[in-house]
Each structure stands twice: as C-alpha cells, then as structure tokens.
Amino acid sequence: MAFGWFRKENPEKEKGCPVRSGKEGDGTDPEKTTGFFQRLQDRLSRTRKTFTNGLDSIFTGKREINNDLLEELEEHLITSDIGVQTSMELMRRISKKASKISGIEQLKEALKEEILSILDASSSPVEEHGTKPHVIMVLGVNGVGKTTTIGKLAARSVLEGKKVLIAAADTFRAAAIDQLRIWADRAGAEIVTHGERTDPAAVAYDGIEAAIARGTDIVLVDTAGRLHTKVNLMEELKKIKRAISKKLPDAPHEILLVLDATTGQNALSQAKLFHEAIGVTGIALTKLDGTAKGGIVISICSHMKIPLRYIGIGEKIEDLQDFDPTQFVNALF
Amino acid sequence: MFDNLSDKLNSVFKKLKGHGKLTEKNIEEGLREVRMALLEADVHYAVVKKFINDIKQRALGQEVMASLTPGQQIIKIVNDELTKLMGSRHEDLSLSGPLPISIMLVGLQGSGKTTTAGKLSIFLKKTGRKPYLVPVDVYRPAAIDQLRKLGDQLSVPVFPSNPEMDPVRICREARIAAQKEGCDTLLLDTAGRLHIDEALMAELCRIRDEMQPSDILLVADAMTGQDAVNIAKSFDSALDIGGVILTKMDGDARGGAAISIKTITDKPIKFIGVGEKLNDLESFHPDRMSSRILGMGDVLTMIEKAQSMVDEKKAAELEKKLKKSQFTLEDFRDQLIQIRKMGSLSDLIGMIPGMNKIKQMKNLQVDERELVRVEAIINSMTPYERRQHNIINGSRRKRIAKGSGTNVQDVNRLLKNYTQMLKMLRKINKGGIRGMSRGMLPF
C-alpha cells in the first residue's frame, strides 16, 4: 500500500517516542513553556505525529548513517511538501557535514539547524509604524482563509486595546461581506462595506478615509480570492493598492499573503506571482491544524525571503499565532 | 519548476542517439527526470515510487519505434501509463435511485464546495433535471447566505436552512420541501471540515445514512500537495465516495493531486472546475490531465479552443468564398482576429507537441505585434480597396502606410503574401480539391 511508508518501521516507533519527548523538553524555552508553546505543540500535534513518527522511525530504526538513511530522510522532506529542490539542497548541506555527524540525534539537530537558518534568513520583525492608521492589505487565492484570518487578526488587535476597522473589499464572492460582518461583530471591530459587485478600490479608499476620520489604529483590507495567474484580477489588486496609497501615501504598511498549508508546490508560484504584481511583505500560513505540513513555506522562505508572520491553527477566533521559527521547527521535530 | 519534461528528457537522451533499444541505464536516467517532474507536480512520494517501478518493468527491452527518439518513447510509455492510471474514460454522475435523489458534496474548508454546488446545479438543469440546493453548512459564517445568493442568480430553489438547525434535520426537511417544489435532485452542500475531525466526519456519515445519496463527491483543490492522499483516504474510508471534483484547475497548478487521489481511492475524477463563473465546470478527461501533469503540449485542448472560438457561421461563409476564390483582404482580417481570439501565438505554438524540438522554433520570438501591424494596415484601407486590391497603387500604398504607422515595404509585403495566397487558392479550386478545412487559415 502506498501509505505504508510511515508505518513501515512500526515496531521501532515505540522506542522512538521517549527520545523525542526528551528532545522537546530541551528545546523548550523555559519562560514560554506553558503559554503559547504548549498550545502550539498541542495544535501541531497531528502535524507532528505524521512528521516525527516517520522521522523517529528513521532515527531509531537504524543506527548507522548511510546512504539509505539519507535517502529516507529526503523522502520525508518531500512528503512534507518542502519540494524537490529545497529537499535536495537541505540534503546536500547535511551531506557536507556528514563527516562531523556521528549520531542520529546529531543528524536530526543538523537538519533542524539547516531549516532554521533558512527561516531565520528571511525573518524580519514586524515594523511598528508610528503612523495611524496602520493599514494591512490581505490577499491570496480562493479558499485559503483570508476572511477568517482577518477576523482573527481583528480580534487580536481589539484585545490589545486597539481600534480596528475592516474594509470589505471582497465585493465579488456571494455573501463574502456578510461573512466578514459576522467576524467584525465577534471581534468588536468596525466595518466599512459597499454593496456586492461594486469597485473594491472604492471600498478600500472609503475604509482608509473613515479610519483617518475616526482615529482608528489598524485597518484591515479584505480582498476577493483570485488565482495568481489571472492578469486582470492582479491588475485589480494593484488598483486597490493605488487607491489606498492615494489616501494615505505610505500605506499599505503590510501586504499579507495568505497561504493554505494543504497547498503543494503551487504555493511557490502563488508567492512569486503575487509578489511580482504587488510586493508581498509577509505571509500567513493557515490550516496547520490538519495533517498537512506546509513545508512549502520553507521553499518560499529560501527562494523569496518573504517573512512568515502568522500561522492559523484552528477555527476559533484566538487560533492565529505569531510565527516563531525556533518554536515552529521545534514543534515539528 | 520544470517547464517542460519533454525538453529535459530530450537532453538526457541526446547522447543516446542511434540506440535502438531502451536499456536499463538509459531508462534509469530518463525516469529520474520523470520522477522529479511528478514530484514537482505534487504527486505523492509513495505513488511516484510505485509508478516509476511499474514503468521500468514495462519499458525495459522495448524496441524504440522508428518514428520516435528514446526520450519520446519513454514519454509515450509514461503518458500511456498515466492515462491508464487515471481511468480510460470520462465517468458521469450517478443519478439513479428513487426520486428525489441527493448528491452530497464533501471536502476540506476552502476547496470550493459551495461554488461547485452552484455550477453542478446548472449542469443538472442542462440535462433536464430540477436541482434543489441545500445549504448544510451551519458552521461557517454566512455560508447559507452564499448559497442562497448563488441560487437566486441561477434561479434554482434553495432550502431556507438556518444556522441553529441540526444538519441531518436540514437534509430530512429539505427532501420534503424539494418534493413540494417539484424538484428531483438535491445538492447537499456540507460544511468544510478537516478529515481528522472525528465529530464532523461522523456527522457526514449520519447525513449519508439519512439521505442515501446516489453520489458522494469529494471536492478537492487541484493545488493540494502531498497531503491529498491523507485527505482522500480519510473521506473515502468514512463515506465510500463515488467520485472527485477537482477545483481551481484554471490556475497554473500541475494537479498531481489527481493521480494521488485516483491511486489511493480508485474513484474517478468526474468534473474539474476551471473558473470563477458559474458555468466554468468541465467534464474530466484523463488523457489530457496526464499531459498537463507531465508538462507536455496539449493538442486536444488547442483543437477544441480553435473549434469553440471560430464562429461557425463565418466559417461557412468563408468556405464558400474560398471555393469561388473571392477571398478578400476583409476576410483575411477576420481570420487574423479569429486567431488572436485563441490566445497568444506563443501559447498556441507551445501547445503543439514537438514544436519545441525544432531549433528555429525554439529561438523564434513570436512577434505578436506582427499580427497587429497587418491588421492595422488592412484597417487603413478603404472598404473598396479591401475588396479590390488591384487598385492599390503607389500613392494609395503611401497613404495606407502612413495611416497604419508602418512603411510602404510592410504594405508591399502584405499585398504580395496576399496575392500569392489567392493564386494558390485558385489552383486548389481548379484542381478540384474540395473542402479546405473549415475555419483554418489558408496559409
């Protein structure tokens, strides 16, 4: 059977578990043990289960580091959607160090380090602009969870005591505005809407105008989902961006691309084309609470140097977390 | 990304010219590229592994056909096997059972169930059925509104669910309401859920047991990565699905998930979603999918594109004119416009397999502007000139060149090509060769 892969070395799995949990303890930042980290690990447990069970079976099943082992490792990277090229690159770097690696634990650590170095290289702190309002434009292909992410972002900011306004610029999909209104109510944010099939750029413009007038701290601009290959729809995005800058010259301060963790290699193409068209400044990775590993973000980070800002790990309003590379990789392994 | 697997393979096999048989060594090398292409297309690792092994068995020792290079031969085998893997023919919805029947749509969040429900209702209407849309998603905010609005746009009745109702009760009541409305096919739009959410998966089973749907369709995103196997396996083992609809096929995803899903579940892919408009739903053709995944040219698509774009009536008129050798510059311009409707020239050339092998074609930058220029020249002529090209003398040529922003040489070249074409036409007609292919450009 095709999937037997992960279960192939089942007997060894039991042996693997204690090793892993010991490792987790080491990797935990003592200050954050209970709060975020615990929660992240809980939520990522399914992701971890498939990923690390496989890894541990590799790491414990064989004691010697040989080509077979490295090949199996490569396979695991590929099944995590990390992609052929990036997987090979990671393996190449590991093989270079191979002479220094004596044990399996070291190999695991080396792999972690390599992935971390990729993620770290592209990370950059969220710039807190002094300007008010801080405008975040949210975009992505259809069905990745833009509206939900905006709802969660709004709730977070409201909890921090900020005044939030949402501009409902998805005027295309049926009932998108209603959906956003419900999220705005839940979060306690204001919302600016026009009707369906109206000009999204006008909604964005009005949203900024209203935010300036009302002294709002944060403006979230929702846009309709669009495939990155549709030239006319990408032009529409540019127009929305222009309309925002017209009202507020240095806005939008953040252009957040939402990616679905279930997506495979196409996510790279999405990131590329959206970035070329409009200039993405950050990524939110959603639906990490399933079995998908979202490994493609590692490829995206290594190719494009766009920082990952948030991860979505559930449907509840608080299930949006800041992305932290160290914790992310620790939770994965 | 591999832009073109055939290119890669050709370069691998270049040094093998003259070999008459596929040997283990050259197969290995070729298959490495195939493996990479499949992985880059998001086919699951284990599926690829098994597939490559099968191919190796089949290819070993095969004679290379006289007309093919070893690279092409491998592609042919791979393509054949892929097509076989994905089912040899298109399978329709299963619509049997006591009326009203139900069709259930299931899948992850954001895979496109609600939009697909709208598209399917149009499809069913066209086949003479009376669809009834049932929003069963009580979880996502405004999901019910979304389907209600789609129903209004399409004039398809929608069951007035409300978010407080239990999903199974919605379905039960919807069946009664559908009968009252005189509808015969219920489309159950269930909530998106993770395949590992046991409570929600159990809910789907309860809906299935209550409604006994004639077809259960897994709606899956064509961009799905390696996880497609887990998703398909979970939904299939919980519900025993009847088929799959792949959505968002209008993007640039290779859609390797199709192979993973088909291999794991052995259930057919019945439809593909190819756009945001509500009639953008197409039947699935396994043979075309395999060339898409491999990144090869798709002749069939091109032919169909040409067929749907060329105006039938105009084509018939043209045929008449061609037979009488009355092909004017006006007709010539119409032809150009038809071609441009089919997409960019480089796209069209890319769709013809083997074109990329011709060296000259490869480096040929197709100048799209050439067509625009020709059109501009013809537009700058008077209607009379277009019908009677003989009267276009030196001063007229000068005027036309000025009007179209070109120079006299360009105008001369166009007229020369045109007269040559006319001569050829006359010859053909005299020789009695009938039926120039309809709508095709007589170059």
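Every chain is numbered from 1, with letters handed out A, B, ... down the list of sequences. Atom set for the values below is all heavy atoms of this structure, side chains included, hydrogens, waters and symmetry mates excluded.
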*Applying side chain to side chain contact (heavy atoms under 4.5 Å, CB included), run through A:R173 and B:E276 and close with a yes or a no.*
CA-CA 9 Å; A:R173 203 196 63 193; B:E276 294 195 341; over 6 Å; no
*For side chain to side chain contact (heavy atoms under 4.5 Å, CB included), just list the numbers for B:R254 and A:Q265, CA-CA rounded to whole Å, side-chain angles, deciding distance to a tenth of an Å, and then say yes or no.*
CA-CA 9 Å; B:R254 284 278 165 75; A:Q265 301 309 299; over 6 Å; no
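Donor-acceptor pairing under 3.5 Å is recorded for the side chains of B:Q109 and A:E315. Side-chain N/O atoms of A:T291 and B:D227 include a donor and acceptor closer than 3.5 Å.
For the side chain to side chain contact (heavy atoms under 4.5 Å, CB included) with B:M223, the qualifying choice from A:V144, A:L227, A:D260, A:T262 is A:L227, the only one to do so.
Here CZ of B:R140 is found 10.0 Å from CD1 of A:I182. Values are rounded to the nearest 0.5 Å. Here the CG atom belonging to B:L108 is positioned 7.0 Å from the NZ atom belonging to A:K287, to the nearest 0.5 angstrom. Here OH of B:Y45 is found 10.5 Å from CG of A:L77. Values are rounded to the nearest 0.5 Å. Rounding to the nearest 0.5 Å places CD of A:Q179 at 12.5 Å from CD1 of B:I144. Atom CZ of B:R148 and atom CG of A:D178 lie 9.5 Å apart (nearest 0.5 Å).
Of the two parts of B:D250, the backbone and the side chain both hold a non-hydrogen atom closer than 4.5 Å to a non-hydrogen atom of chain A. Proximity to chain A (any heavy atom under 4.5 Å) is restricted, for B:R35, to the side chain, taken from C-beta onward. Neither the backbone nor the side chain of A:L180 comes within contact range of chain B; no heavy atoms are under 4.5 Å apart.
Residues satisfying the salt bridge (Lys or Arg N to Asp or Glu O under 4.0 Å) test with B:E282, not counting sequence neighbours, are none. For B:D42, the salt bridge (Lys or Arg N to Asp or Glu O under 4.0 Å) test picks out no residue, with sequence neighbours left out.
Taking both residues in full, the closest heavy atoms of A:G290 and B:L194 are given as CA-CD2, 3.8 Å, listed atom of the first, atom of the second, then distance.
Checked for salt-bridge contact, B:D252 and A:K230 miss the test: no charged N lies under 4.0 Å from a carboxylate O.
Of the listed residues B:T224, B:I231, B:T115, the one with more heavy-atom pairs under 4.5 angstrom with chain A than any other is B:T224.
No side-chain heavy atom of A:R181 sits under 4.5 Å from any side-chain heavy atom of B:P141.
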